[in-house]
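Here the structure is laid out as structure tokens; the discussion comes afterwards.
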Amino acid sequence: VILRSSIIVGPEVPGVHRPLFLQFITRQIQDMMPTKYLVDEVRNPIFALDICRIIQALICSFLEQARRTYHEADGGDDWVFRHTFNMGGVDRLSRLEMARAVARAMGVDRASMDRLIIPCTSAELDRPFPSPLDISMNSSAVYQFTGVVQPLSFDEILNTIIF
């Protein structure tokens, strides 16, 4: 099984020696550092714990299917499942929209937000590699297959892990 995501968000991870996207935004705002955020790259942020719930449901489903197939085939091991699932969150957001949501959750006033969160396009940045503008995704198939309730919204994620 392949699980595709466009951006994974969650709490800080021990052993990762660079800030993840949410932690980067939070630190930039706390340090009062004006920072450019892309307006034209769209993603579906998904919470790391929602990914865990999806993987757990997939494992349980696969084990049950393999067990049934094993018994039906009288000990055979012919069952193979191959599938690619999109695994994004419910919100389709630019990095600018994510940064503004973090600032709102932190209680930053509008004037400070406008000074600290600067809109820019991907064409304005000098990056060593191109990035697709829209990798938002329809993830309904993975939720339907696993029976996992829809993931948390971006605002719910922020309320859960940051504030």
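Atom set for the values below is all heavy atoms of this structure, side chains included, hydrogens, waters and symmetry mates excluded. All residue numbers refer to positions in the sequence shown, counting from 1. On a predicted model such as this, the values are computed, not experimentally measured, just so you know.
Annotation for Gln28 and Tyr37: closest pair CB-OH, 3.9 Å, computed over non-hydrogen atoms. Taking every heavy atom of both residues into account, Pro34 and Ile118 meet most closely at CB-CD1, 3.7 Å. Nearest heavy atoms, Ile46 versus Gly89: CB-N, 3.7 Å. For Ser6 against Ile135, the heavy-atom pair with the smallest separation is CB-O, 3.3 Å.
Within the structure, every pair that satisfies the salt bridge (charged side-chain N to carboxylate O under 4.0 Å, His left out) test and touches residues 10-38, not counting sequence neighbours, is listed here: Glu12-Arg27. Pairs of residues two or more places apart, or lying in two chains, that qualify as salt bridge (charged side-chain N to carboxylate O under 4.0 Å, His left out) and include a residue from residues 126-139 are Glu41-Arg127, Arg92-Asp134. Screening residues 142-161 for salt bridge (charged side-chain N to carboxylate O under 4.0 Å, His left out), with sequence neighbours left out, gives no hits.
Phe47 and Val42 are assigned to two separate hydrophobic clusters, defined by single-linkage of ILVMFWY side chains at heavy-atom distances under 4.5 Å. Linking Ile, Leu, Val, Met, Phe, Trp and Tyr whenever their side-chain heavy atoms come within less than 4.5 Å leaves Met137 and Ile54 in two separate clusters.
Hydrophobic side-chain contacts under 4.5 Å tie Leu38 into a cluster, directly or through other members, with Leu125. Side-chain heavy-atom separations under 4.5 angstrom define the hydrophobic clusters, and Ile2 shares its cluster with no other residue.
Remark: side-chain polar atoms of Ser61 are not paired, donor with acceptor, to backbone N or O of Ala57 under 3.5 angstrom. Judged by distance alone, with hydrogens and angles left aside, the side-chain atoms of Thr35 form a donor-acceptor pair with the main-chain N or O of Met33 at under 3.5 Å.
Judged purely by distance below 3.5 Å, without hydrogens or angles, the side chains of Thr121 and Glu124 pair a donor atom with an acceptor atom.
Val90 meets the side-chain contact (heavy atoms from CB on, under 4.5 Å) test with Gln150, Pro151, Ser153; sequence neighbours excluded.
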